[in-house]
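Indexing begins at 1, ligand by ligand and atom by atom, following the structure's order. In what follows, every heavy atom counts, from backbone to side chain, and hydrogens, waters and symmetry copies are set aside.
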Amino acid sequence: MTLEEAYHGIKKEIKFPRHEHCKKCDGTGAKNGTALKTCTTCNGQGQVVMANGFFRMAQTCPKCHGSGKNITEFCPECAGRGLTRITRTVEIKIPAGVDNDSQLRVRGEGEVGSGGNGDLFLFIKVKDHPLFERHGQDLKMDLPVSFAKAALGGEEKIKTLKEEVVMKIPEGTQSGKVFRMRGEGMPDVHGGHGFGDLYVRVMLAVPNNLNTRQRELMEELSRELGENNGKASLKDKFKKAFK
Ligand SMILES: [Zn+2]
Ligand SMILES: [Zn+2]
């Protein structure tokens with residue numbers, strides 16, 4: 001499933017192969033209407049006595065498997081097995097917040113046995129997202145910001161999994177700066193811990209293919225900023241350090 005599906009939780013229809021009691025013979029394995037005959041191996045007792053030295057042990061009859069009766073004519077549908085292979089289709093509700101290797105148990109959708117149907121276990125796989133990287137309940141993303149916006153300050157619209165939010169870019173934001181957006185991460189699959197956070201890392205987008213005028217302006221700005229291009233000069237750093 002996708003990260004969006006994992007965020008919201010979904011109903012998914014799944015198909016899988018399974019055995020079911022043969023409908024034609026009602027799971028008995030005997031051709032419809034034919035009688036069962038008494039097992040000749042155990043004389044209908046369902047048990048046979050095995051002698052082993054001094055010991056005599058009663059064991060389940062291998063021929064009739066303890067029923068005391070054998071099928072005279074096998075059901076043509078299931079060849080006497082009493083089971084048929086089917087493709088089962090079930091709609092499964094997958095809760096919000098599931099992660100890779102989350103395990104989901106669906107009661108009564110497993111193979112048929114003597115005590116009814118077993119359970120079906122689903123292992124969840126969440127696909128990688130092109131924008132968000134998941135770390136438990138938290139999400140991480142890179143946000144390209146223009147040089148001008150990072151220097152002057154401004155806003156960026158971000159489409160999170162929940163909503164569209166406007167993030168403030170403070171004046172003088174450096175490349176690599178991480179902003180935390182509370183509650184914009186993944187929900188807790190058990191519901192107890194609310195939502196994780198979204199960490200947005202600012203990546204400075206350096207302009208390329210400048211036209212002549214843009215180049216002139218950039219050069220003018222560069223001269224104006226001095227040779228350090230806006231970084232605090234070494235002199236200023238010393239001044240601060242020894243104040
Ligand atoms: Zn059958
Ligand atoms: Zn028997």
Side-chain angles (χ1 to χ4, degrees), residues 1-129 134 136-137 161 186-192:
M1 52 197 290
T2 64
L3 191 65
E4 282 86 354
E5 289 173 333
Y7 181 86
H8 295 288
I10 45 154
K11 279 184 181 166
K12 238 183 164 57
E13 197 179 83
I14 60 161
K15 287 180 200 294
F16 56 98
R18 199 182 77 180
H19 289 94
E20 219 163 57
H21 281 304
C22 174
K23 285 196 174 65
K24 206 135 194 185
C25 63
D26 226 0
T28 60
K31 193 173 175 181
N32 227 4
T34 56
L36 301 171
K37 68 168 187 244
T38 304
C39 177
T40 50
T41 305
C42 62
N43 293 318
Q45 299 301 302
Q47 287 189 332
V48 283
V49 175
M50 309 285 280
N52 182 5
F54 293 109
F55 299 103
R56 289 166 63 83
M57 290 192 324
Q59 283 191 340
T60 304
C61 172
K63 182 107 187 278
C64 64
H65 305 291
S67 68
K69 288 186 164 86
N70 279 323
I71 296 163
T72 50
E73 249 184 296
F74 289 128
C75 166
E77 188 76 18
C78 61
R81 294 177 62 226
L83 297 170
T84 46
R85 195 175 165 86
I86 55 142
T87 299
R88 175 92 175 139
T89 306
V90 188
E91 196 184 59
I92 309 282
K93 196 176 174 296
I94 301 171
V98 288
D99 201 350
N100 265 318
D101 300 323
S102 288
Q103 204 184 74
L104 221 67
R105 181 181 191 164
V106 189
R107 283 186 193 280
E109 288 296 346
E111 285 289 357
V112 58
S114 52
N117 280 77
D119 298 334
L120 170 70
F121 287 87
L122 297 177
F123 295 90
I124 306 286
K125 292 282 169 226
V126 183
K127 289 180 195 151
D128 284 340
H129 194 274
R134 185 170 179 175
Q137 272 188 261
L161 293 173
M186 297 296 289
D188 178 15
V189 72
H190 305 296

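- Applying the side-chain contact (heavy atoms from CB on, under 4.5 Å) test between R134 and each of L3, N100, D128 identifies L3 as the sole match.
- Under 2.8 Å from the Zn ion (ligand 2) lies an N/O/S atom of C64, whether from backbone or side chain.
- Annotation: angle subtended at the Zn ion (ligand 1) by C25 SG and C22 SG is 100°, to 10°.
- Between the SG atom of C78 and the SG atom of C75, the angle centred on the Zn ion (ligand 1) amounts to 100° when rounded to 10°.
- Within 6.0 Å of the CG atom in D119, the count of heavy atoms belonging to other residues, nucleotides or ligands exceeds 12.
- Note: angle at the Zn ion (ligand 2), from SG of C61 to SG of C39, is 110° (rounded to 10 degrees).
- Counting heavy atoms from C-beta outward, T40 and K63 have side chains that approach closer than 4.5 Å.
- Looking only at distances, no side-chain donor or acceptor of Q45 sits under 3.5 Å from a matching main-chain atom of C42.
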